Amino acid sequence: MLDPAILKNDIESLELNLERRNLDVDLKELTALDELRRELRFEAEKLRSEQKTLGKQIASADEKTKNELLDQASQMSEKVKELFEKVDVADKNFMDIWIKIPNLISTTSPDGISDKENSEIKKFGEIRNINNPKDHLEIAESLGLIDVQKASEVSGSRFSYLFGDLVKIEFNLVLWAMQQLSDKGFKPTIPPVLVRENALYGTGFFPDDAEQVYEIPNDDLYLVGTSEVPLAALHSNEILDTATLPIRYAGFSTCFRREAGTYGKDTTGIFRVHQFDKVEMFSFCDPEKSEEEHKFILSVEEELLQALEIPYRVVDVCAGDLGSSASKKYDIEAWIPSQQTYREVTSCSNTTDFQARRLNIRGKADGETNVLHTLNGTAIAVGRILIALIENNQTEDGKVEFSDSVAEIIGVKNLS
RNA sequence: GGAGGGAUGGCCGAGCGGACGAAGGCGAUAGUCUUGAAAACUAUUGUAUGUAUUCCAUACCGUGGGUUCGAAUCCCACUCCCUCCGCCA
């Protein structure tokens, strides 16, 4: 959520932002709603103040004047109640719209409407020349390492069974990533994957992306699509000592996504599934330093991919392709031989104060409090890393062979 | 799942219808004293919003409603914590 003060102080930035996001919002109406609620509140508070004074008089009044005052106070009470009801309505009218206003886009993010306008800022790694590259499913299925058919019988489409060495690789990857991150000051964390709706509102997934989230209606809980949600909410309603920042977490969790509206997209294998495991980085940091922190998180992502010898490129995500909470986002896309293109394997966002304001996360230094910045980034999205590892290291006879240094990380030299 | 007890400021803890944004203590910060430190003493010590900008007003005593002229205090619902019983990876 943005600071509503922007309506008064810097409406031009807001206008520009909505334009870049290709959104049409009536700012005049919003400003009017904001002014109305302020006005009403001012009036209501004034009256409330009078009511309190009157109430105090009653306490010390003699019997005679007391009845008179009580009469007066009774009427006053009615009025105050009515006025505050109006204030509540005005607040709600404003907030219903305001909560949907997305974060301010960084001036450094490229313009554009869709991912086609994302700008490539770096390429790394050598793309091996593979004759007739097979896709990961074909390879893994034939080696008995993945079964999506049986999974779709049991659970539906976009689920999978992983077997044998792929399981071993997953656990090794996760443990390795945790170790790397821990060395860099990220506290290893296993957060809850079921959360209340508050955490989803706070992180900006609700109300806009609610259709992507699995719901447990009996218990009013939701399955998270990323550990970003419980990690961000970890410090909600807290005031952190600025001297302790940045506070970094490395969260491991299974992630659940409904993938509504993606029918027909990426239907092969485990690229886009309803359930996958992920190690996620999350940072609470000083607003002054969030750009720096963002670059740091990106550099960690690159480091991990480089160690795994996966060719990739980094893209600066354009305005129209940013989620509502992100101010700036870098995606890393790994080379996928079967598709002869780069596909997203990690993503890191600077959400500036957007989530922190909603979650009420503040910092305090020298008696001053301010809303913090939060950032998140993928360390290892297991499924997609497995795909990149399998496809980029496939051999001509449909097997997989890893380099010694990669094998050392993942604990497996060959898939055959 | 059943039966009880509880939730107050950074922490402990009093208050149980009016002078309470909240006693007292601890902690923290500043000052006095001291060669320095400790101790002692003194003062300060939450957050947010506003048509207020070192003043003032309003809100916040787990959350949301209600009763009342007036609620930390009474009533209802919810959430969380603790104890006991049952069940359980």
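All values below were derived from every heavy atom in this structure, side-chain atoms included, with hydrogens, water molecules and symmetry-related copies excluded. Computed from a predicted structure; not experimentally measured. Per chain, numbering begins at 1; letters A, B, ... match sequence-line order.
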Assess whether a salt bridge exists between A/Glu293 and A/Arg248, defined as any Lys/Arg side-chain N lying under 4.0 Å from an Asp/Glu carboxylate O.
yes

Whole angstrom is fine here: how far is it from [atom1] in [X] over to [atom2] in [N]?
{"X": "A/Arg362", "N": "B/rU47", "atom1": "CZ", "atom2": "P", "result": "8 Å"}
{"X": "A/Asn370", "N": "B/rU49", "atom1": "CG", "atom2": "P", "result": "12 Å"}
{"X": "A/Arg38", "N": "B/rA57", "atom1": "CZ", "atom2": "P", "result": "21 Å"}
{"X": "A/Arg357", "N": "B/rA48", "atom1": "CZ", "atom2": "C1'", "result": "13 Å"}
{"X": "A/Glu45", "N": "B/rA59", "atom1": "CD", "atom2": "P", "result": "7 Å"}
{"X": "A/Arg37", "N": "B/rG50", "atom1": "CZ", "atom2": "P", "result": "8 Å"}
{"X": "A/Phe42", "N": "B/rA48", "atom1": "CZ", "atom2": "P", "result": "21 Å"}
{"X": "A/Leu359", "N": "B/rU47", "atom1": "CG", "atom2": "P", "result": "20 Å"}

For [X], give me all partners under side-chain contact (heavy atoms from CB on, under 4.5 Å), at least two apart in sequence or on another chain.
{"X": "A/Ser405", "result": "A/Glu309, A/Ser403"}
{"X": "A/Asp3", "result": "A/Ala5, A/Arg357"}
{"X": "A/Ser157", "result": "none"}

Pairwise side chain to side chain donor-acceptor pair (under 3.5 Å) hits with a residue in residues 320-329 of chain A, at least two apart
A/Thr108-A/Lys328, A/Asn118-A/Asp321, A/Asp316-A/Lys328

Any pair counted as side chain to side chain donor-acceptor pair (under 3.5 Å), so long as it reaches residues 190-202 of chain A, sequence neighbours left out
none

Distance alone, cut at 3.5 Å: any donor-acceptor contact between the side chains of A/Thr352 and A/Asn103?
yes

Scan for ring-ring contact (aromatic ring centres under 6.0 Å, His included) pairs involving residues 63-102 of chain A, sequence neighbours excluded, and state none if there are none.
A/Phe94-A/Trp98

Could you tell me how the ring of [X] sits relative to the ring of [Y]: parallel (under 30°), tilted (30 to 60°) or perpendicular (over 60°)?
{"X": "A/Tyr249", "Y": "A/His235", "value": "tilted"}
{"X": "A/His294", "Y": "A/Tyr330", "value": "tilted"}
{"X": "A/Tyr222", "Y": "A/Phe206", "value": "perpendicular"}

I'd like the [atom1] distance from [M] over to [N], given in whole Å.
{"N": "B/rG9", "M": "B/rU47", "atom1": "P", "value": "14 Å"}
{"N": "B/rG25", "M": "B/rU73", "atom1": "P", "value": "26 Å"}
{"N": "B/rC16", "M": "B/rA22", "atom1": "C1'", "value": "13 Å"}
{"N": "B/rG5", "M": "B/rC41", "atom1": "C1'", "value": "42 Å"}
{"N": "B/rU63", "M": "B/rU79", "atom1": "C1'", "value": "7 Å"}
{"N": "B/rC60", "M": "B/rU8", "atom1": "C1'", "value": "12 Å"}
{"N": "B/rA72", "M": "B/rG62", "atom1": "P", "value": "10 Å"}
{"N": "B/rG21", "M": "B/rA57", "atom1": "C1'", "value": "14 Å"}

Watson-Crick or G-U stems involving RNA chain B, each at least 3 pairs long, distances under 3.5 Å, ordered by first number
B:1-7 with B:79-85, B:10-12 with B:24-26, B:27-32 with B:40-45, B:46-50 with B:56-60, B:62-66 with B:74-78

Contact list (N/O, under 3.5 angstrom) for nucleotides 68-70 of chain B vs protein:
| unit_1 | atom_1 | unit_2 | atom_2 | d |
| --- | --- | --- | --- | --- |
| B/rC69 | O3' | A/Ser77 | OG | 3.3 |
| B/rG70 | OP1 | A/Ser77 | OG | 3.0 |

For A/Asp266, give me all partners under side-chain hydrogen bond (donor to acceptor under 3.5 Å, both in side chains), at least two apart in sequence or on another chain.
A/Arg272, A/Arg343

Mind listing the N/O atom pairs, protein and nucleotides 86-88 of chain B, below 3.5 Å?
none

Indicate, with a heavy-atom threshold strictly under 4.0 Å, whether A/Lys52 touches base, sugar-phosphate, or nothing.
sugar-phosphate

Indicate, with a heavy-atom threshold strictly under 4.0 Å, whether A/Lys8 touches base, sugar-phosphate, or nothing.
sugar-phosphate

Is [X] near enough to [N] that one of its side-chain N or O atoms lies under 4.0 angstrom from OP1 or OP2?
{"X": "A/Thr369", "N": "B/rU47", "value": "no"}
{"X": "A/Ser49", "N": "B/rU58", "value": "yes"}
{"X": "A/Arg41", "N": "B/rA59", "value": "no"}

Is any side-chain heavy atom of A/Lys184 closer than 4.5 Å to one of A/Glu303?
yes

Holding to ring-ring contact (aromatic ring centres under 6.0 Å, His included), I want the full list of residues that pass it with A/Phe276, two or more places apart in sequence or in another chain.
none

Using the six-membered ring of A/Phe271, assess whether NZ or CZ of A/Arg384 lies under 6.0 Å from its centre and within 45 degrees of the ring axis.
yes

Any residue of residues 196-206 of chain A with a heavy atom less than 4.0 Å from an atom of RNA chain B:
A/Arg196

